[in-house]
Amino acid sequence: MKIDRLIGILSVLLQKNEVTAPYLAEQFEVSRRTISRDIEDLCKAGIPIVTKQGANGGISIMENYKMERTLLTNTEMQDILAGLRGLDSINGTNRYGQLMEKLSAGSSNFLTGNQFVLIDLSSWYKDLLAPRIELIRSAIGGCHMLFFHYYSPSGESERCIEPYYLIFRWADWYVWGWCTSRNDFRLFKLNRMDKLRLSEATFSKRTVPLPDLKDEQIFPGGIRVKALFDPSCKWRLVEEFGTGCFEELPDGRLLFHADYTHKENLITWLLTFRDKAELLEPAHLRAELRTALQDTLKQYEVT
């Protein structure tokens, strides 16, 4: 993208005293004519760039303009590069890795010893997610409609959307778009999509509200849970709910209390602890859990 290239060129010029047009063309994999147009655009944006012709010529920023050698501090640049690495971890191409090298041209320490924040957004589903993310990016950039088969708790359906945002939240990827069948904006989880395809049909962008991604909006809670856990479960409770979710009883057991969102998810979660957890409240869910355990036991009875 041109804006990426302009930022990269400006970063190089701020970090080096002088460079040549062939050097920039090679770094950014474009023609010298494209570099010349980019330099003109930077000049129009108010950056005082000096070009000198001849054997000892080159491109530089006016000396008295250089109060700072970079647009960004080391910490800011490291944060940007860490974010780009994170995107590269889920992207099927090496686009972000190449951009990292261009942004850090002349300052290799950004990519070596001083780069101490590493972000990996990949998952077990990387092979499936990477092509979906690329396809959705293409659809958003070109204003193309997206079609897909969607699996949700309420059932399966065929969906057609105008995609607007790719979102990484709650350790998963989502797309936010206008759903033609619901006539409203909806949030779709990429892992629940199948047969994703880009349509030749395009759409005119509408005014798009940002999705309300507050936890209480998506996961409203409402189930006040009280349960007893074996001391060996402490690490999981801390990992998933924090240190304030329980109190230690005199006998060492952990009295857990929290708001939970979904009844089925709660029962499933408790069952992962096997005999190390006992649901105390709410009473009606305790009864449901007991029935579920009895029904499960029947399936394993020897006949």
Side-chain angles (χ1 to χ4, degrees), residues 75 78-79 82-83 85-87 89-90 116-126 128-129 151-155 165-176 186-193 210-301:
T75 299
Q78 288 167 5
D79 288 345
R85 262 208 190 104
L87 289 173
S89 68
I90 54 89
F116 51 80
V117 179
L118 301 177
I119 302 173
D120 190 338
L121 302 179
S122 61
S123 71
W124 295 110
Y125 310 102
K126 181 179 179 180
L128 291 175
L129 283 176
Y151 298 87
S152 70
S154 60
Y165 291 105
L166 261 172
I167 300 167
F168 183 77
R169 186 83 159 108
W170 310 293
D172 282 302
W173 283 93
Y174 300 81
V175 60
W176 173 254
R186 289 289 189 272
L187 194 65
F188 298 95
K189 194 172 186 177
L190 267 60
N191 278 345
R192 294 180 183 171
M193 291 179 171
L210 291 175
D212 187 349
L213 299 178
K214 295 192 294 292
D215 290 348
E216 57 268 26
Q217 178 67 24
I218 306 299
F219 306 109
I223 303 176
R224 294 291 299 169
V225 177
K226 183 181 290 186
L228 281 174
F229 286 86
D230 186 84
S232 63
C233 302
K234 182 185 293 187
W235 67 273
R236 273 194 62 183
L237 298 181
V238 170
E239 178 181 315
E240 298 178 31
F241 289 90
T243 56
C245 71
F246 62 84
E247 56 184 282
E248 294 193 43
L249 300 180
D251 61 3
R253 290 186 298 170
L254 310 173
L255 181 60
F256 171 83
H257 42 80
D259 278 335
Y260 220 88
T261 304
H262 193 273
K263 180 184 71 173
E264 295 301 325
N265 288 346
L266 170 61
I267 292 176
T268 301
W269 178 69
L270 287 168
L271 289 175
T272 65
F273 292 91
R274 300 190 181 186
D275 61 341
K276 304 294 185 182
E278 179 188 355
L279 179 64
L280 302 178
E281 297 177 5
H284 69 282
L285 286 188
R286 178 181 170 91
E288 283 193 37
L289 180 57
R290 182 171 56 249
T291 300
L293 289 170
Q294 290 170 345
D295 291 342
T296 302
L297 183 60
K298 290 178 183 178
Q299 295 183 7
Y300 290 90
E301 290 180 348

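Hydrogens, waters and symmetry mates play no part in the numbers below; they use all other heavy atoms, side chains included.
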Are [X] and [Y] side-chain neighbours, meaning at least one heavy-atom pair lies under 4.5 Å?
{"X": "E281", "Y": "H257", "value": "no"}
{"X": "L266", "Y": "L289", "value": "no"}
{"X": "L254", "Y": "E248", "value": "yes"}
{"X": "W269", "Y": "R236", "value": "yes"}
{"X": "T296", "Y": "L271", "value": "no"}
{"X": "V238", "Y": "F246", "value": "yes"}

Rounded to the nearest 0.5 Å, what separation is found between the [atom1] atom of [X] and the [atom2] atom of [Y]?
{"X": "K189", "Y": "Y151", "atom1": "NZ", "atom2": "OH", "result": "15.0 Å"}
{"X": "L270", "Y": "N265", "atom1": "CG", "atom2": "CG", "result": "11.0 Å"}
{"X": "F256", "Y": "L237", "atom1": "CZ", "atom2": "CG", "result": "6.0 Å"}
{"X": "D172", "Y": "I167", "atom1": "CG", "atom2": "CD1", "result": "12.5 Å"}

Practice problem: Might you point out which heavy atoms bring V225 and Y260 nearest each other, and give the distance in Å? | Solution: CG2-CB, 3.7 Å
Self-check item: Contact summary for P231 and G252, nearest pair of heavy atoms
Solution: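 Of all heavy-atom pairs spanning P231 and G252, the closest is CG-O, 3.0 Å.
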Practice problem: Step through it carefully: locate the ring centre of F273, locate the ring centre of F229, and say whether they are under 6.0 Å apart. | Solution: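 Yes; F229 has its ring centre under 6.0 Å from that of F273.
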Exercise. Indicate yes or no: does D259 engage R224 in a salt bridge with an N to O separation below 4.0 Å.
Key: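 Yes, D259 and R224 are salt-bridged.
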Quiz item: L255 and L228: side-chain contact (heavy atoms from CB on, under 4.5 Å), yes or no, with the steps?
Solution: CA-CA 5 Å; L255 181 60; L228 281 174; 4.0 Å; yes
Quiz item: Any donor and acceptor pair, going by atom type alone, linking the side chain of R286 with main-chain N or O of L279 inside 3.5 Å?
Solution: yes
